[in-house]
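In what follows, a structure is listed as structure tokens, so that the remarks can point back to it.
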Amino acid sequence: MARRPVRPSRFGLSRWGPSRLSALSRHHDGAESTLETLRWERSLSAGRRWAAWGAVCGALVALPLFAPAAWLAAWVDRATAGHLLLAEARGSLWNGSAVAVLGGGTGSREARALPGRLRWTLRPTLAGAMPALTLALEHGCCLNGRPTMTLQPGLGTLTVRVAPQPSGLGQWPAGWLSGIGTPWNTLQLGGVLRAATPGLTLQSAQGRWRIDGSIALDVLDTASRVSTLERLGSYRLELGADEGADGTAALRLTTLDGALQLSGSGTLGPGGLRFRGEASAAGPDAAALANLLNIIGRRDGARSVIAIG
């Protein structure tokens, strides 16, 4: 009996010729290659994302480290409404210098610069357990040593602590005040401004300032171009904490010596500056001071009434 020929199993390889096997191999290799390409592209895309995030984080870290001194100058300009300017700022936010200028405020053309350059260093520190910044100042013409202050920003607040300086903070030419404008540019004062403090803390919250401690500003050996007297006298303006709960600071003006007598008191608080005082002269110098008394305030007989706010 003749045997039937054995057919190749339907699951065997005998039905696949060399060409079909080769095609299958190529298809398999192509699929593997496609998967590898996708994996590589995904890896490349992830690498690019991480590189971008790294660049952003690096920029955020480096930006304050290399911030220019002009940033501090802009902040001082805004904080003082253009009355104190740091002109020709050089260096960085952390270690820079500028020319200190008194101005008449935003939009004013009045300005008066101090000689030399004001230099500063700014360093991170801790005030208690809170982060803060320590600012140290140097100015050959005007500051004693290196006065320091601590700046502690908070949520909507800023606290400034001025360290005590046994020899005083410094001294400035009284003529620097003419940069503020009227009436100082008319008076053209001569003499020296000297500031000292046993410690002072200023705190700003919601645009209002509170004061703790005190500071005294002496105006020594004052002269003016509107008076024929060579010397008017010496005076002291004191700013200190008031007993009120609204953060109001007390002002007091007294005469140390001289032909021109000045006195007065006032407050500096949320409502602004309020001051009431008077100027007078007696004896042989009264005639020489008449024109000056007319400029200082409103004449009331032999005295001149000063009212601000």
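Just so you know, these numbers use all the heavy atoms, side chains as well, and skip hydrogens, waters and symmetry mates. Computed from a predicted structure; not experimentally measured.
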Testing the basics here: between S214 and P198, what is the closest heavy-atom pair and its distance to 0.1 Å? O-CD, 3.4 Å
I want to check something: taking the side chain as every heavy atom from C-beta on, are T159 and L202 in contact at a cut-off of under 4.5 Å? no
Within one Ile-Leu-Val-Met-Phe-Trp-Tyr cluster: L135 and L143, side-chain cutoff 4.5 Å: yes
With a 4.0 Å cut-off on N to O distance, would you call R231 and D285 a salt bridge? no
Check W94 against R123 and note the closest heavy-atom contact, atom names and distance. O-NH1, 3.1 Å
Distance-only criterion, 3.5 Å: show the donor-acceptor pairs between side-chain atoms of residues 262-271 and protein atoms not counting sequence neighbours.
none

Using the test salt bridge (Lys or Arg N to Asp or Glu O under 4.0 Å), find all partners of R276 that sit at least two apart in sequence or belong to another chain. none
Quick one: which residue pairs count as a side chain to side chain donor-acceptor pair (under 3.5 Å) with a foot in residues 179-189, not counting sequence neighbours? E110-N185
Treating S227 as the side-chain partner and S224 as the backbone partner, does any N or O pair qualify as donor plus acceptor under 3.5 Å? no
Restricting to non-hydrogen atoms, name the atom on A89 and the atom on A73 that form the minimum distance, rounded to 0.1 Å. CB-CB, 4.2 Å
Enter the distance from L292:CG to L187:CG here, rounded to the nearest 0.5 Å. 6.0 Å
State which residues pass side chain to side chain contact (heavy atoms under 4.5 Å, CB included) with L72; sequence neighbours excluded, sorted by chain then number. W75, V76, L86, L93, W120
Go through the structure and list residues passing side chain to side chain contact (heavy atoms under 4.5 Å, CB included) with A195, not counting sequence neighbours. L169, W172, L217
For the pair N144 and Q171, evaluate side-chain hydrogen bond (donor to acceptor under 3.5 Å, both in side chains) and give the outcome as yes or no after the intermediate values. CA-CA 8 Å; N144 296 333; Q171 53 284 319; 3.3 Å; yes
Between V101 and L84, is there shared hydrophobic-cluster membership here, with clusters defined by ILVMFWY side-chain heavy atoms closer than 4.5 Å? no
Find out if a path of hydrophobic residues (ILVMFWY) with successive side-chain heavy-atom gaps under 4.5 Å connects W176 to L237. yes
Sequence neighbours left out, what passes side chain to side chain contact (heavy atoms under 4.5 Å, CB included) with A174? Give chain and number order. L189, L193
Would the distance check show the side chain of H83 and the main-chain N or O of D77 forming a donor-acceptor pair, the cut-off being under 3.5 Å? no
Rounded to the nearest 0.5 Å, what's the gap from CZ on R194 to OG on S167? Could you check? 10.0 Å
Once rounded to the nearest 0.5 Å, what's the spacing between atom CD1 of I295 and atom CG of L289? 11.5 Å
Give me the other members of the hydrophobic cluster that L256 sits in, counting Ile, Leu, Val, Met, Phe, Trp and Tyr linked by side-chain heavy atoms under 4.5 Å, directly or via other members. L220
Minimum side-chain heavy-atom gap V99-L118 below 4.5 Å: no
In terms of hydrophobic clusters joined by side-chain contacts under 4.5 Å, are L114 and L85 together? no
Point-to-point distance, once rounded to the nearest 0.5 Å, from OG1 of T222 to CG of L260: 8.5 Å
Donor-acceptor pair, side chain of N95 and main chain of T121, under 3.5 angstrom: no
Please list, chain by chain and in numerical order, all residues satisfying side chain to side chain contact (heavy atoms under 4.5 Å, CB included) with R90, sequence neighbours excluded. E88, S97, R117
Just list the side-chain donor-acceptor pairs under 3.5 Å for residues 148-156, sequence neighbours left out, or say none.
from	atom 1	to	atom 2	distance (Å)
Q152	OE1	R161	NH1	2.9

By salt bridge (Lys or Arg N to Asp or Glu O under 4.0 Å), which residues pair with R236, not counting sequence neighbours? D218
How would you list, by chain and number, every residue that makes a salt bridge (Lys or Arg N to Asp or Glu O under 4.0 Å) with R146, sequence neighbours excluded? E138
Quick one: CG on L251 to CG on L273, what's the gap to the nearest 0.5 Å? 6.0 Å
Please answer: with hydrophobic residues joined when any side-chain heavy atoms are less than 4.5 Å apart, are V192 and L177 in the same cluster? no
Indicate every side-chain donor-acceptor pair of residues 302-309 with a distance under 3.5 Å to a residue at least two apart or in another chain.
from	atom 1	to	atom 2	distance (Å)
R303	NE	D300	OD2	3.3
R303	NH1	E278	OE1	2.6
R303	NH2	D300	OD2	3.0
S304	OG	L293	O	2.8
S304	OG	G297	N	3.0
S304	OG	G297	O	3.4

